[in-house]
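If you're wondering where the values come from, they're calculated on a predicted model, not measured in any experiment.
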Amino acid sequence: MGPYKRTGRRMAAALAALGIGLASGSIVTSPAARGAETPPPLVGAWGTEGTGPGQFAGPVGVAVDDAQNVYVTDPGNHRVQKFTASGQLITSWGTNGTGPGQFASPIGVVVDDAHNVYVTELGNHRVQKFTTDGQLITSWGANGTGPGQFESARGIAADANGNVYVADTNNDRVQKFTADGQYLTSWVVAGASGIAVDPKGNNLYIADWDNSRIHKFTTLGQPVGVWGGGGTGPGQFAEPFGVTVDIDGDVYVSDYGNGRIQKLTADGQHLASWGTSGSGPGQFDEPEGVAVDRLGYLYVADAGNRRIQRFKTAETGICRGVEALVIRGTAGKDKLVGTPYADILIGGKGNDVLKGKGGNDCLYGGPGNDKLVGGPGNDLLVGGKGNDVLKGGPGRDLLKGGKGNDRLIGGKGKDKLKPGPGRDTVRQ
């Protein structure tokens, strides 16, 4: 971690002498096989060394909100900077100090579903909670080993219920709090650094810096699995630091000592690796924090190169003038449900059900006999080659018949129904 590398590590033997076992030592998962994937392309980067706006002394933590704003901790400059997804600076806050809203080496950062920003501090051994424009809401923590105290707080995560999880690195534990800092529980994790919650909010993934592995726990602290180990091969790590989880539940880990990023399934099966040590595009010098946004763009804090690198890990398209995540059906009978944002749902080869969820979605039938159902937004429903059913939702939808004999059924909104070349049935 450059100047923020962990010191004073607790070894497993010392814990055993205190009657404390490492929580995941005997659990190893055996995942079902999934094919290897092509590393994602680099689509952007920003940052140079310095103290000015948009510059870094060495970025460490990175987080994204649902509007795709990017928050970066810059511990050497004792501040947090907020950017657009393409790297345009929006605002920054923090100066060196111990007062409210000041920082002593901010490390971890996360944005919860209620748009609160939480920041851990290495030097002040605390968590500070802010609005998305940097206004302080509350803070908690002090140096120590008791509940709610920290010895080098690093990674931080938040679940959909508003609970906050902090990697208390030199105390070899994870602590769980309410959104306002009330202590709930803790459990042992040696060398805890990065931490992330999966999209369903059921599991935590914790990077174990000391033992070069990833732990998986329930949000109640029950061990689920562990994988990795020291090495340079696929699925092995050399001091992993950051961890994040995408919408499909796949896990990305910054493999600090190996100068690369690794992608794994939720059960630890290796899918892809990319990056080598260096300063060129797609190379890394001390990769630390990682975060993935709702469209599948992965942001990496490339600390030694004083920059953020952005990779595209998922397919996107344009739906009604907005970039949207593409969700495709397979050869089976699939049920595709959109996210709360704008999505593009495309039926596969089977007889699929496609359903919008929240945004202004685009639903396209495939070759099978599909059912397309609009969500709360103003959706576009287009029939495919089969005999499809298109049903509008509560929004103002546009329904277009495909090549088959389709049924177009208007919803509660003021929908537009346009029959296709087949023998379509239209009911407003």
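Counting all heavy atoms, side chain and backbone alike, Tyr299 lies closest to Val62 at O-CG1, 3.8 Å. For Val174 against Val189, the heavy-atom pair with the smallest separation is CG2-CG2, 4.0 Å.
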Kindly determine whether Trp209 and Tyr256 satisfy side chain to side chain contact (heavy atoms under 4.5 Å, CB included), including the steps that lead there. CA-CA 9 Å; Trp209 171 273; Tyr256 176 95; 3.5 Å; yes

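Between Thr316 and Tyr297 there is a side-chain heavy-atom pair separated by less than 4.5 Å. Residues Tyr341 and Leu295 fail the side-chain proximity criterion, which asks for heavy atoms closer than 4.5 Å. No side-chain heavy atom of Arg294 sits less than 4.5 Å from a side-chain heavy atom of Val64. Residues Ile261 and Phe311 are not in side-chain contact: their nearest non-hydrogen atoms beyond the backbone lie 4.5 Å or more apart. Contact annotation: the side chain of Ile107 approaches that of Pro75 to within less than 4.5 Å [non-hydrogen atoms, C-beta and beyond]. Put simply, the side chain of Arg320 reaches to within 4.5 Å of the side chain of Asn378, judged on heavy atoms. For the pair Asp255/Phe284, no side-chain contact is recorded, criterion being any heavy-atom separation below 4.5 Å from C-beta on. A heavy-atom distance below 4.5 Å is not found between the side chains of Asn69 and Thr132.
For Phe150, the ring pair (Phe, Tyr, Trp, His ring centres under 6.0 Å) partners at least two apart in sequence or on another chain are Phe177. Evaluation of the ring pair (Phe, Tyr, Trp, His ring centres under 6.0 Å) rule for Phe56 yields Phe83 as partners, not counting sequence neighbours.
Within 6.0 Å of NZ in Lys176 there are more than 12 heavy atoms belonging to other residues, nucleotides or ligands. More than 12 heavy atoms of other residues, nucleotides or ligands sit less than 6.0 Å from atom NZ of Lys129. Around the NZ atom of Lys391, the shell of radius 6.0 Å holds no more than 12 heavy atoms that belong to other residues, nucleotides or ligands.
Judged purely by distance below 3.5 Å, without hydrogens or angles, the side chains of Asp180 and Thr178 pair a donor atom with an acceptor atom.
In this structure, the side chain of Arg310 does not engage the main chain of Trp46 through any donor-acceptor pair within 3.5 Å.
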